[in-house]
K.L.:
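Sharing a structure with you now.
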Amino acid sequence: MLRKMGEAVATVARKVNETVESGSDTLDLAECKLVSFPIGIYKVLRNVTDQIQLITLANNELKSLTSKFMTTFCQLRELRLEGNFLHRLPNEVSTLQHLKAIDLSRNQFHDFPEQLTTLPELETINLEENEIVDVPVEKLAAMPALRSINLRFNPLSAEVRVIAPPLIKFDMLMSPEGARAPPP
């Protein structure tokens, strides 16, 4: 077990160092067995956080993200968090004023993360395969840049299914009522 943990830590360190040394605008920590965003990474990335525009933390074991994560990487254009155990976002997600796309699919959201509706440049929201019943349709309809929201395989209420279509000007993907996601 310690050997596997050591390998996981080494993988994270290698990926972070690659980002710093190459001056890349992407930090890819997908499939690194992370249960939280490592605090030490903030220090290592302090000179390059302004240039990072895409962070991928997909397919880890994250249960939450901190407000520090959101405020440190406030220049992000894309955030990929699919395949974790997230059930909410910190209020500071509203500092991501340049965010264009967020992928929260295959997490554990029961409530729609309404802070996303305050992001002026957000074009794409993916919340496929969560447990969301209600959606703030009016707030979504007022988002200036929103082009697509994926809510497939969520137990959406009948009210959302009826109210949403005439109010929205973007693509809203929904599964048929009662549809369940295929097993992984």
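Hydrogens, waters and symmetry mates are skipped; everything else that's a heavy atom, side chains included, is used.
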K.L.:
Does Phe153 belong to the same Ile/Leu/Val/Met/Phe/Trp/Tyr cluster as Met174, with side-chain heavy atoms less than 4.5 Å apart forming each link?
P.N.:
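No, because Phe153 and Met174 fall into different hydrophobic clusters, even though each may have its own neighbours under 4.5 Å.
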K.L.:
Any heavy-atom pair between the side chains of Leu29 and Ile41 that's under 4.5 Å?
P.N.:
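Yes, close enough: below the 4.5 Å cut-off.
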K.L.:
Between Val48 and Val44, is there shared hydrophobic-cluster membership here, with clusters defined by ILVMFWY side-chain heavy atoms closer than 4.5 Å?
P.N.:
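In one cluster with Val48: Val44, yes.
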K.L.:
Would you say Leu173 ends up clustered with Ile168 if hydrophobic residues are merged whenever their side chains have heavy atoms under 4.5 Å apart, either directly or through other cluster members?
P.N.:
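Cluster IDs for Ile168 and Leu173 differ.
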K.L.:
Do NZ/NE/NH1/NH2 and the carboxylate oxygens of Arg147 and Glu123 come within less than 4.0 Å?
P.N.:
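Judged by the 4.0 Å cut-off on N to carboxylate O distance, Arg147 and Glu123 do form a salt bridge.
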K.L.:
Are any of the side-chain heavy atoms of Pro113 and Val93 separated by less than 4.5 Å?
P.N.:
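Heavy-atom side-chain distance check fails, nothing below 4.5 Å.
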K.L.:
Heavy atoms only: give me the nearest Phe85-Gln108 pair and the separation to one decimal.
P.N.:
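Shortest heavy-atom contact: CD2-NE2, 3.2 Å.
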K.L.:
Does any N or O in the side chain of Gln115 come within less than 3.5 Å of the main-chain N or O of Leu89, such that one atom is a donor and the other an acceptor?
P.N.:
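Between the backbone of Leu89 and the side chain of Gln115 there is a qualifying donor-acceptor contact (under 3.5 Å).
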K.L.:
Given 3.5 Å as the limit, does a donor-acceptor pair link the side chain of Thr56 with the main chain of Ala58, or not?
P.N.:
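Not a single qualifying donor-acceptor pair exists.
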K.L.:
Determine yes or no for a side-chain-to-main-chain donor-acceptor pair under 3.5 angstrom, with Arg88 supplying the side chain and Leu86 the backbone.
P.N.:
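Flag not set: sc Arg88 to bb Leu86 has no pair under 3.5 Å.
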K.L.:
Main chain of Ser105, side chain of Asp103: is a donor-acceptor contact present, judged purely on distance under 3.5 Å?
P.N.:
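It does hold such a pair.
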K.L.:
Could you walk me through whether Arg14 and Thr11 pass the side chain to side chain contact (heavy atoms under 4.5 Å, CB included) test, one step at a time?
P.N.:
CA-CA 5 Å; Arg14 181 179 46 75; Thr11 298; 3.7 Å; yes
K.L.:
Can you list every side-chain hydrogen bond (donor to acceptor under 3.5 Å, both in side chains) pair that touches residues 44-54, not counting sequence neighbours?
P.N.:
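Checked against side-chain hydrogen bond (donor to acceptor under 3.5 Å, both in side chains) - neighbours excluded - no pair reaches residues 44-54.
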K.L.:
Do Ile149 and Phe112 come close enough that some side-chain heavy atom pair is under 4.5 Å?
P.N.:
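Touching, per the 4.5 Å side-chain cut-off.
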K.L.:
Taking the side chain as every heavy atom from C-beta outward, state whether Ile55 and Phe69 have any atom pair closer than 4.5 Å.
P.N.:
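They are in contact (side-chain heavy atoms under 4.5 Å apart), so the answer is yes.
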K.L.:
Taking the side chain from Asn84 and the backbone from Asn60, do they hold a donor-acceptor pair closer than 3.5 Å?
P.N.:
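Confirmed, Asn84 side chain pairs with Asn60 backbone.
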K.L.:
Apply the test side chain to side chain contact (heavy atoms under 4.5 Å, CB included) to residues Met172 and Val160: give CA-CA distance (whole Å), side-chain angles for both, the deciding distance (0.1 Å), then the verdict.
P.N.:
CA-CA 11 Å; Met172 186 169 184; Val160 168; 4.1 Å; yes
K.L.:
Mark yes or no for whether Asn154, through its side chain, and Asn130, through its backbone, hold a donor-acceptor pair below 3.5 Å.
P.N.:
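Judged by distance alone, yes, a pair lies under 3.5 Å.
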K.L.:
Please step through side chain to side chain contact (heavy atoms under 4.5 Å, CB included) for the pair Phe73 and Leu65, ending with a clear verdict.
P.N.:
CA-CA 12 Å; Phe73 299 106; Leu65 287 174; over 6 Å; no
K.L.:
Just verifying a value: how many Å separate Leu127 CG and Ile132 CD1, rounded to the nearest 0.5 Å?
P.N.:
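If we round to the nearest 0.5 Å, Leu127:CG and Ile132:CD1 are 4.0 Å apart.
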K.L.:
Regarding Arg106 and Asn59, do their side chains bring together a donor and an acceptor under 3.5 Å, going by distance alone?
P.N.:
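Distance-only check passes for Arg106 and Asn59.
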K.L.:
What side-chain hydrogen bond (donor to acceptor under 3.5 Å, both in side chains) pairs are there with at least one residue in residues 156-177, not counting sequence neighbours?
P.N.:
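Residue pairs with at least one partner in residues 156-177: there are none.
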K.L.:
Give, for atom OG1 of Thr72 and atom CG of Leu45, the distance between the pair rounded to the nearest 0.5 Å.
P.N.:
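The CG atom of Leu45 is 9.5 Å from OG1 of Thr72, to the nearest 0.5 Å.
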K.L.:
Determine whether Val137 and Leu140 satisfy the following criterion, side chain to side chain contact (heavy atoms under 4.5 Å, CB included), listing intermediate values before the conclusion.
P.N.:
CA-CA 5 Å; Val137 176; Leu140 290 169; 5.5 Å; no
